[in-house]
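Encoded as structure tokens, the structure appears first; notes follow it.
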Amino acid sequence: MRGRLIPWIWLLPAFLFIAVFLVYPVIDTLRISFMNDDSSAYIGLENYQFVFTNSATQSALLNNILWLALFTVLAVGLGLIIAVLTGRIRYESLAKAAIFIPMAISFVAAAVIWRFMYAFKPEGFTQIGLVNAAGTGVGLEPIAWLVEHQLPYVDQLLPMPLHTNNFALIAVGVWMWTGFAMVVLSAGLKGIPTEVVEAARVDGASEWQIFWRIILPILSPTIAVVATTLVIQALKKFDMVWVMTAGNYGTDVVATLMFKEMFNFGDFGRAAALAVILLAAILPIMLITIRRFRRQEETR
Amino acid sequence: MSRLPLHLIIVGIALLWMTPAFGLLTSSFRDAAAVANSGWWTAFQTPFDFTLENYQDVLSQNRMGMSFINSLIISIPGTVIPILVASYAAFAFAWMRFRGREALFIFVVALLVVPVQMTLIPVLRLLTDIKLAGSFPAIWLAHTAYGLPFAIFLLRNFFGALPRELLESAYLDGASNFRVFFRLVLPLSVPALASLAIFQFLWVWNDLLVALVILQDPSKVPMTVTITNLVSSYGTQWQLLTSAAFISMMLPLVIFFALQRYFVQGILTGAVKG
Amino acid sequence: MSFGRRKFFLGVALILLVGLLFPACAAPPEDEIGSVEVLGVWGGDELASFEAMVAPWEQETGGTMEFTGTRDLIAILTTRVAAGNPPDVAILPNPGQMVELAEEGELVTLDSFLDMTKIGQEYAQGWIDLGSMDGELYGLFMKASSKGTVWYNPKTFVANGWTVPTTWDEMIALSDQIVVEGMNPWSVAVESGEASGWPATDWIGEILLHESGGAVYDQWVNHEIPWTDSKIKSAWEKFGQICLTPDYVPGGAIAILATGFIDGSYLPYEDPPKAAMYYLGAFTQGFISEQFPDLIAGEDYAFFPFPAIDSQYAGAVTGGADVVVVFNDNLTTHSFIEYLASAEAQQIWVERGGFTATNNLVSLDSYPDPLARLAAEQLTGATVFRFDADDSMPSAVQKAFWDGTLAYLQNPDQLDSILADIEARAVDAYE
């Protein structure tokens with residue numbers, strides 16, 4: 001009897017918080033998504049219809065997918081590499097701090113920094129942005145990284161135009177979040193018993209084999225946690241895009257669009273519909289997490 | 001394996017990563033006109049035009065000291081409380097059996113995607129109705145709630161990775177859940193708790209929106225608000241942001257270094273052997 | 001480890017205690033002047049000036065003014081109003097939002113406590129009308145700024161023998177001449193984060209006023225004519241003429257989109273100058289003087305009035321101002337607003353610079369330099385005055401307008417469809 005109640009006592013505080021601050025607003029959001037702009041009347045699926053057919057929304061969704069693919073893979077990959085490499089050197093803390101610093105800087109400050117990096121002045125002016133200064137230093141034209149939709153040289157080579165500004169923003173995101181991946185993965189690495197690794201070394205396994213056959217499998221749940229978190233970050237990306245371009249010039253993502261609908265256009269219904277779409281987009285990820293969960297349970 | 005390539009790669013990546021931040025640091029020592037007219041790397045050529053003006057201006061803002069204290073008052077409980085609450089729940093998710101455990105856990109993690117802006121109006125309305133709006137406890141509650149999904153997600157992963165035999169033998173010895181939790185699980189999960197602490201502290205320390213909406217009282221605002229007020233509504237005097245960014249970054253960095261000593265390999269080693 | 005932990009928890013408990021002891025906002029007793037919470041966008045020097053302006057009120061009444069500044073004003077204000085927790089007072093950069101709030105019934109009517117005879121004497125009727133809806137006063141305008149100013153470098157003009165144009169055609173001819181002589185005549189810059197595009201809307205509004213007059217301007221702002229009307233299109237196209245004629249603007253359209261509106265003001269004063277003229281409101285003086293502290297107002301930098309397009313509208317001027325609105329009806333806010341409306345208060349900021357008073361009693365001599373005086377005179381002496389167009393429109397239309405200019409600069413040949421898009425938004429918004 002007592003046994004069945006006990007887990008719930010442990011869960012209770014967390015669930016209270018979650019219910020009030022997260023679940024209740026989500027239900028409220030769901031309700032509002034079926035209503036008009038100031039939530040005074042129900043209009044059924046009209047908001048969803050608008051959201052799916054509107055070209056701005058479609059472009060924002062595509063951008064989120066771009067973020068999902070690039071941002072997550074790069075941040076996790078780099079974070080893993082750095083976590084593994086820094087674990088082997090004496091100045092580990094210093095090196096990790098260098099990668100971590102971007103996370104410690106607030107978004108506002110990061111925006112200031114990267115405006116310096118991407119700053120654009122027309123041809124013939126002194127470049128004050130590092131990237132353009134380097135570019136003009138080797139004879140290229142300056143590029144307005146946050147505005148340009150196409151890369152002037154690459155465009156001729158590709159069948160489809162690239163949006164440089166999205167890549168520019170994703171680069172900033174990777175710069176910031178690799179530190180996160182690194183810290184968490186580093187914590188995970190510390191949990192790997194050293195005897196196992198030593199034994200393998202004694203048996204003559206190469207570093208590469210140790211990495212693939214021993215470290216990765218043990219680390220994979222942690223990698224999953226990091227990857228899931230970053231994927232969700234990619235879906236709800238707001239701050240980075242907002243302070244750098246405010247979603248202008250084709251860089252809009254669902255979260256910035258939602259902000260604009262809510263506060264600039266005053267249409268709470270549409271904003272809510274966008275939020276619900278975000279929530280729905282996470283379902284496939286949840287399914288994958290369930291499967292991992294089950295597999296992990298079996299091995300314990 | 002020769003150590004040189006390793007060092008080269010690490011130092012190379014570290015330098016690359018630090019370049020933008022280094023640019024910001026250099027700019028914080030230059031005045032606005034210089035920053036607008038020339039790239040920050042030119043500061044290293046003559047004439048050396050460094051100045052401490054930006055730092056002086058920021059530090060002499062009469063609200064800076066108070067908002068620093070406010071930031072502490074907001075961030076420390078805003079870090080400790082979520083970690084406590086989440087670790088209870090994560091322990092239950094990791095090591096206790098109950099119906100609906102899997103579904104509930106997935107649900108909690110799914111809440112990670114909820115955008116904060118959507119929650120602010122209902123949350124503020126509720127806080128206003130119970131007359132808590134504008135107080136520190138209100139913002140502690142808010143940050144705790146917002147931090148729970150990730151915290152539970154992370155901790156459950158680490159708690160679950162602990163060796164089953166270890167806990168089972170403790171239970172067999174007659175230990176209660178509390179003993180196992182406080183004496184076994186928590187100490188063994190120190191790297192995880194440390195990394196969670198770093199991030200939660202960071203997110204609360206750098207938060208702007210939640211503080212503006214829930215705290216309201218200008219005498220309680222954290223540093224993030226005071227810093228944005230350094231800049232006029234047009235955006236002039238933004239060079240103050242460069243130095244403010246570094247001043248604000250100091251404490252999280254200190255915490256990062258302080259917690260690094262908990263990132264020690266092989267905490268489990270002794271335990272498994274024994 | 002456990003001793004350290006105990007100390008740690010003790011520390012946390014201490015902080016919790018300190019936090020809990022901070023009293024939550026308490027309302028002052030009904031008959032005393034307490035604190036007034038003001039929400040606005042001001043920061044930096046502006047905030048310092050506002051606090052200086054308010055200081056005498058605080059000393060006299062014993063009240064305190066607490067200012068919360070944020071650039072995300074619209075988000076914070078909307079959230080707090082929707083949650084039933086508005087600030088006491090808000091200072092909005094646009095009357096469009098004031099109208100929306102008044103319609104929702106959130107605002108306190110100012111004429112219920114202000115001495116309207118006094119206000120009528122001290123303020124031009126235009127300011128009172130702008131702040132009123134359905135005959136009741138909801139907003140107090142202050143901190144005005146003329147937007148009919150084209151900035152230039154007098155020394156450059158003299159050195160090259162250029163004359164200041166007084167008509168649009170003269171200005172275009174001058175621009176062509178400057179191109180021939182090897183310089184770019186114009187600096188144009190519209191980047192401004194979330195509000196990117198607003199400098200372009202200033203251009204279009206000013207052009208439309210000069211080309212078609214106040215009546216058509218009003219029809220445009222009130223959506224009595226559609227955005228696709230030929231007169232509106234003509235204003236956009238004239239703006240396009242300045243931006244898109246080859247060699248007019250250094251770097252072309254991309255540079256216009258990528259350059260911040262503050263950075264754009266520096267070009268005529270660089271050494272050597274990178275452009276000859278820059279159109280932006282009178283507040284630009286602050287940007288120039290801060291970047292080039294050694295320059296003298298009127299000699300090294302100055303403005304000429306926006307040139308006439310149709311001579312019957314010569315002397316017309318658009319301008320902007322901040323509007324103060326009240327959410328909570330109590331003694332403190334009454335006293336505070338009365339003070340802000342007074343000439344004594346406004347004089348304080350006028351003397352600090354960067355502020356054109358809306359109160360007529362503030363004498364022109366209070367302005368710190370000839371340029372500031374000229375800008376103030378431009379407002380008071382205007383033959384036709386209209387409030388900045390995009391600030392007068394509903395927020396949704398304003399945003400569509402801003403975005404539309406960005407789209408136009410990237411694809412000028414799509415002007416018709418851009419205007420149609422804005423029209424669609426307007427139809428929704430004005431319902």
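Numbered from 1 within each chain, the chains take letters A, B, ... in sequence-line order.
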task: Please look at B:L202 and chain A and tell me whether the side chain, the backbone, both or neither of the residue comes under 4.5 angstrom of a heavy atom of that chain.
output: side chain

task: Tell me, for B:S27 versus chain A, whether the close heavy atoms (under 4.5 Å) come from the side chain, the backbone, both or neither.
output: side chain

- request: Check whether any side-chain heavy atom of B:Y146 lies under 4.5 Å from a side-chain heavy atom of A:L22, and answer yes or no.
  value: yes

B:V108 side chain reached by A:F15 side chain, heavy atoms, under 4.5 Å: yes

- prompt: What distance separates A:L85 CG from B:I9 CD1, expressed to the nearest 0.5 Å?
  reply: 6.0 Å

message: Taking side chain as everything from C-beta outward and backbone as N, CA, C, O, which of these in B:S248 sits under 4.5 Å from a heavy atom of chain A? Side chain, backbone, both or neither.
response: neither

- request: Measure distances from B:D207 to the heavy atoms of chain A and classify the residue's part below 4.5 Å as side chain, backbone, both or neither.
  value: neither

- request: Evaluate the ring planes of A:W10 and B:Y88, with Trp represented by its six-membered ring, and classify them as parallel (under 30°), tilted (30 to 60°) or perpendicular (over 60°).
  value: perpendicular

With A:I218 via side-chain contact (heavy atoms from CB on, under 4.5 Å) - residues at least two apart: A:I192, A:I214

query: In Å, rounded to the nearest 0.5 Å, how long is the span from CZ of B:F22 to CG of A:L130?
result: 11.5 Å

query: Going from CZ on A:F17 to NE2 on B:H143, what distance comes out if it is rounded to the nearest 0.5 angstrom?
result: 12.5 Å

message: As an exercise: rank A:T229, A:L278, A:T126 by heavy-atom pairs under 4.5 Å with chain B and give me the winner.
response: A:T229

message: B:A14: which residues meet the side-chain contact (heavy atoms from CB on, under 4.5 Å) condition with it, sequence neighbours left out?
response: A:A98

message: So for B:I121, is it side chain, backbone, both, or neither that comes closer than 4.5 Å to the heavy atoms of chain A?
response: side chain

message: Please report the interatomic distance CD1(B:I106) to CD1(A:I285), rounded to the nearest 0.5 Å.
response: 11.5 Å

